[in-house]
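Notes follow the structure.
Residue numbers start from 1 in every chain, and the chains themselves are labelled A, B, ... in the order their sequence lines are given, proteins ahead of strands.
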Protein chains: 2
Amino acid sequence: MNSIFLYFKKFHEISTDSQNAISLISTTISVKKNTILQPIGHACKTIYFIKKGLARIYYFKDDLEITESFAFENSIIARAESLFSKNPSRKAIQVLENTELIAIDAIALFKLYDSYPEIERLFRLIFENAYIDTINRIENIQFHTADERYTFLITESSDIIKRVSLKLIASYLGITPVSLSRIRAKN
Amino acid sequence: MNSIFLYFKKFHEISTDSQNAISLISTTISVKKNTILQPIGHACKTIYFIKKGLARIYYFKDDLEITESFAFENSIIARAESLFSKNPSRKAIQVLENTELIAIDAIALFKLYDSYPEIERLFRLIFENAYIDTINRIENIQFHTADERYTFLITESSDIIKRVSLKLIASYLGITPVSLSRIRAKN
DNA sequence: AACAATTCTTTACAAATGATAAGAAATTGA
DNA sequence: TCAATTTCTTATCATTTGTAAAGAATTGTT
């Protein structure tokens, strides 16, 4: 459980009291490669912290799988649009390796906000940061070629190639696997 | 000043006390069409509420202008990625009509968070909502054709065509004006 | 080890989009 | 109002990406 509080510290210091409150609504779980943590169609009620392993959020466009995002060790993954809107999510969370996670009960967490303002602040700062990432991703998609986006991805997280299939990377870049193969062949 | 508190009410009810505190750090301004409210290269220190008129956030890719977002009456516009990271923004805010705004001093606002938890909560909820919009926009860009994105845009906000030049709409859709003309000719 | 299934690459062709240029339409400013 | 500027459309050609199919490479399973 320690790793998550180290992660939290980067955003906002919280008291041992607050840490205990969060611990009480959190559980550590281990899941096997390819497990669907959260299926499509239900409101998101869990925030995951990845201790070890790797996960993605994906959805379907017609019968094509599209990867919205990847999340690696020491990061948080949640379907924020459903978490905040309370609407059922069209997206699923899947683990791509044998993965160890801490699952935080989001409903219980939001209740903690009333009695622990520093917890509210902590998660405000965490999600503000996630918001920044999402804004930057739009900039990245909007006026960069697939080639540029691929090059950017492998410089940003160079080991993604080793850990994620090119099929999933293509769907993340918004292109077909065939198109990604062509790009890779050129470079 | 009333319109902004009506807007706030949709997210979170706050006391008259909190409203007054916000009023004290806000000013109403009127600016002429095409005015640059916030230039590129400075950290974002102002959150705007649009009472009347229309604005956009844009940036440059090489010497090409790209519109990241539009904001209409009764909505908030701010360069969130700079607001939260405190880094200088590569983006500018420009008004596209003669526009009336309420400018909120963001530095002062963030200070209010300590003494008025309900103000912190209010803006948390406002930006959570903006975050949802941004996530949905990625989904919209990532696997929809330019044609689909255009059709979606005009059904979502039908008067945008009357108020914004096609050149800017094209840059928002991530295509060239020439390509947008072709799409419009087909439909 | 051997087979099956999946992933990745390559090829050929089709469709969409970009770049450039030219002209029409609309807007702006003196 | 008239000229100048900007915006919008159309056309042509080049480039990129998609689709479909086939085979190679890899992975998983028994």
Original post:
Quick one: do the Ser89(B) and Gln38(B) side chains pair a donor with an acceptor below 3.5 Å?
Top reply: no
Subject >> Ser15(A) and Ser18(A) side chains, donor-acceptor separation under 3.5 Å >> reply: yes
What is the distance, rounded to the nearest whole Å, between atom [atom1] of [X] and atom [atom2] of [N]?
X: Arg184(B); N: dT17(C); atom1: CZ; atom2: P; answer: 16 Å
X: Leu64(B); N: dT20(C); atom1: CG; atom2: P; answer: 11 Å
X: Arg149(B); N: dT17(C); atom1: CZ; atom2: P; answer: 8 Å
X: Glu65(A); N: dT6(C); atom1: CD; atom2: P; answer: 13 Å

Original post:
How are the rings of Phe70(A) and Phe72(A) set to each other: parallel, tilted or perpendicular (split at 30° and 60°)?
Top reply: tilted
Original post:
Is the shortest side-chain N to carboxylate O distance from Arg121(A) to Asp114(B) below 4.0 Å?
Top reply: yes
Subject >> Along DNA chain D, first and last positions that approach a heavy atom of chain B under 4.0 Å >> reply: dT7(D) to dT12(D)
Subject >> From dT17(C), dT28(C), dT7(C), nucleotide with atom closest to Thr145(B) side chain >> reply: dT17(C)
Subject >> Atom pair CZ/CD1 of Phe84(A) and Ile135(B) - distance to nearest 0.5 Å >> reply: 7.5 Å
**OP:** Indicate yes or no: at least one non-hydrogen side-chain atom of Tyr150(B) is less than 4.5 angstrom from one of Ile161(B).
**Re:** yes
